[in-house]
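These notes are about the structure you will find just below.
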Amino acid sequence: MYKIITMDGSAKRAAFTTVHGTVQTPVFMNVGTAAAIKGAVSTEDLEAIGTQVELSNTYHLHVRPGDETVKRLGGLHRFMSWNKPILTDSGGFQVFSLASLRKIKEEGVTFNSHVDGRRIFMGPEESMRIQSNLGSTIAMAFDECIPNPSSREYVEHSVARTTRWLERCKKELARLNALPDTVNPRQLLFGINQGGTYEDIRIAHARQIRELDLDGYAVGGLAVGESHEEMYRILEAVVPELPKEKPVYLMGVGTPANILEAVERGVDFFDCVYPTRNGRHGHVYTNHGKRNLFNAKYQLDERPIEEGCRCPACRRYSRAYIRHLLKAGEMLGMRLCVLHNLYFYNTMMTEIRQAIEEHRYPEYKKQKLAGMEQAQ
RNA sequence: GUGGGUAUGGCGCAGUUGGUUAGCGCGCCAGAUUGUGGCUCUGGAGGUCCAGGGUUCAAGUCCCUGUACCCACC
């Protein structure tokens with residue numbers, strides 16, 4: 001159940017209640033593709049840094065260890081010892097990211113596994129079956145994520161197919177949820193809006209899929225080649241077309257600035273690999289901009305990544321030490337950077353929620369952005 | 001002590017029968033990365049080619065002397 005607590009302009013402060021607990025939005029979901037946050041981050045760590053939703057991937061878990069295995073072990077929550085909400089991405093993004101390894105047809109997509117090369121077929125029904133076996137809180141519809149720019153002709157063709165796939169997803173998940181041995185009989189389904197950078201296609205698609213009365217709606221196919229301005233333009237066109245009484249999820253986005261802008265345009269859910277991937281590469285987010293801890297200037301810097309930060313890394317370790325760990329290839333270096341980044345994102349979302357509640361979101365956003373643009 | 005070998009950026013090396021601004025890998029210094037293959041990619045800095053002398057229009061490359069290190073033998 002989704003309940004808007006208050007609004008500040010188009011920015012929404014809401015609560016989304018699921019069988020695995022209530023999510024306070026806007027929220028940033030922490031990406032753990034293979035049921036693990038990369039960088040040796042445990043579920044205990046996630047609890048310590050205020051994670052509300054963990055995100056895993058259908059395709060990756062199907063390939064390894066296999067969704068049937070996860071089901072036999074009681075589902076993803078039990079498997080990874082995480083009792084809060086989990087969202088599973090459908091495998092649709094892999095249609096895009098593993099483009100060189102796949103073939104698309106009406107029935108679905110054939111991949112060559114990135115692990116051992118074997119052929120894997122995934123269509124709407126397969127994706128739903130896998131996600132049902134995983135028992136995630138929220139299942140994502142199986143879609144085709146197309147790169148920007150793509151021709152109008154291809155986008156129209158692809159979006160029409162994504163809509164047909166969505167109808168099949170809804171039907172299949174309803175069937176699976178009703179089965180007696182289903183891991184999570186109340187699994188939710190979010191549909192995904194596509195349409196590339198064509199506003200009219202986006203809007204028409206949004207109007208079509210809202211008729212399906214899903215549990216939430218995502219905007220997909222953004223941050224895949226287009227400029228930030230185009231992304232914001234599309235959000236301004238599409239978000240008003242989605243049901244007000246349902247959460248909106250902007251998939252795969254993004255930088256702190258992207259999130260601040262998207263919240264202002266009515267988005268509730270986010271996810272992005274940036275805090276984890278950048279953390280593994282020694283890039284850390286702060287209120288004064290992004291730092292690259294590999295830089296030589298931190299060699300003798302005894303300050304924490306960010307002064308005043310309460311994350312597990314900043315409470316105890318210096319930039320100089322973390323830089324050394326990174327240079328030495330020690331896993332702890334990555335881990336500390338990832339923990340800091342996820343804490344930074346989660347904390348920013350807390351600030352965002354508070355600012356909306358207090359009806360000072362525009363000022364907060366302006367101040368936050370100005371701080372992050374400061375020269376180092 | 002005798003014989004043989006090696007000496008080129010921080011490290012490991014390539015440099016054709018002498019021929020433009022001496023290359024490569026790693027490292028170093030920076031930058032990219034948006035529903036994740038701990039990857040990958042893109043730039044940049046850095047060398048009086050062991051020292052001294054000689055041959056030549058031209059020497060990292062050929063000759064002489066010295067030095068350092070390596071191997072074998074005494």
Side-chain angles (χ1 to χ4, degrees), chain A residues 28-41 53-61 63-64 86-98 100-101 111-117 127 131 136 138-148 162 190-194 216-228 230-231 249-259 261-262 267 269-283 285 290-299 323 325-335 337-338 341-342 345 376:
Chain A
F28 180 79
M29 301 184 283
N30 294 185
V31 179
T33 302
I37 307 287
K38 289 179 186 286
V41 174
V53 184
E54 194 272 348
L55 187 150
S56 288
N57 188 284
T58 298
Y59 166 81
H60 294 264
L61 291 173
V63 172
R64 187 170 53 192
I86 296 176
L87 181 144
T88 41
D89 189 21
S90 63
F93 187 69
Q94 280 60 49
V95 179
F96 163 74
S97 65
L98 302 177
S100 62
L101 299 173
F111 297 98
N112 281 57
S113 160
H114 69 281
V115 174
D116 58 12
S127 178
Q131 294 186 74
S136 58
I138 302 167
M140 293 305 300
F142 187 71
D143 65 336
E144 180 188 1
C145 179
I146 42 188
N148 291 324
T162 284
F190 280 19
I192 305 174
N193 171 254
Q194 291 288 349
Y217 288 89
V219 181
L222 289 179
V224 287
E226 82 288 356
S227 68
H228 288 178
E230 281 183 293
M231 178 167 85
Y249 165 26
L250 176 56
M251 304 186 79
V253 174
T255 65
N258 290 158
I259 290 173
E261 295 294 343
V267 176
F269 283 70
F270 298 89
D271 81 279
C272 187
V273 303
Y274 270 160
T276 42
R277 180 185 289 164
N278 279 329
R280 272 178 274 129
H281 299 169
H283 290 72
Y285 292 92
K290 200 170 74 162
R291 300 179 194 284
N292 179 355
L293 286 186
F294 273 96
N295 287 359
K297 64 182 170 183
Y298 298 120
Q299 186 167 15
R323 171 178 141 91
L325 294 174
L326 290 166
K327 301 280 289 182
E330 288 292 342
M331 180 122 49
L332 180 59
M334 293 181 183
R335 177 177 140 79
C337 290
V338 171
N341 282 347
L342 290 175
Y345 268 68
Q376 288 298 297

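Both backbone and side-chain heavy atoms feed into the values below; hydrogens, waters and symmetry mates do not. Lettering of chains follows the sequences in order, A, B, ..., and the numbering in each one begins at 1.
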Which pair of non-hydrogen atoms, one from Tyr298(A) and one from Asn292(A), has the smallest distance, and what is that distance?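 Heavy atoms of Tyr298(A) and Asn292(A) come nearest at CE1-O, 3.2 Å.
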Could you check whether [X] gets within reach of a base, just the sugar-phosphate, or nothing at all, counting any heavy atom under 4.0 Å?
X         : result
Gly39(A)  : base
Asn292(A) : sugar-phosphate
His283(A) : base
Gln299(A) : nothing
Gly221(A) : base
Ala36(A)  : nothing
Leu250(A) : nothing
Asn258(A) : base

In terms of the nearest nucleotide of RNA chain B, which residue is placed more toward the 5' end: Met331(A) or Cys272(A)?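 Looking at RNA chain B, the more 5' nearest nucleotide goes with Cys272(A).
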When you match Asn295(A) and Met231(A) each to their closest nucleotide on RNA chain B, which lands nearer the 5' end?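 The residue closer to the strand's 5' end, by nearest nucleotide, is Asn295(A).
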Just by modelled atom types, is the [Y] backbone N or O under 3.5 Å from a matching donor or acceptor in the [X] side chain?
X         : Y         : value
Ser136(A) : Leu87(A)  : no
Arg335(A) : Gly39(A)  : no
Asn57(A)  : Thr33(A)  : no
Thr58(A)  : Gly91(A)  : no
Gln131(A) : Met140(A) : yes
Asn112(A) : Gly117(A) : yes

When rounded to the nearest Å, what value does the distance between [atom1] atoms of [N] and [M] take?
N       : M       : atom1 : answer
rG23(B) : rG47(B) : P     : 13 Å
rG19(B) : rG60(B) : C1'   : 13 Å
rA30(B) : rC49(B) : P     : 29 Å
rU48(B) : rG4(B)  : P     : 32 Å
rC57(B) : rG15(B) : C1'   : 23 Å
rC11(B) : rC50(B) : P     : 13 Å
rG18(B) : rC74(B) : C1'   : 40 Å
rU67(B) : rC29(B) : C1'   : 35 Å

Do the side-chain N and O atoms of Glu230(A) and Asn148(A) include a donor-acceptor pair separated by under 3.5 angstrom?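 No - no donor-acceptor pair under 3.5 Å links their side chains.
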Look through every strand shown and name the nucleotide pairing with [N] as Watson-Crick or G-U wobble, where both distances are under 3.5 Å.
N       : value
rC69(B) : rG5(B)
rG37(B) : none
rC62(B) : rG54(B)
rC28(B) : rG44(B)

Reading RNA chain B from 5' to 3', where do the contacts with chain A start and stop? Cut-off is 4.0 Å to heavy atoms.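 Boundary nucleotides touching chain A, in 5' to 3' order, are rC28(B) to rC39(B).
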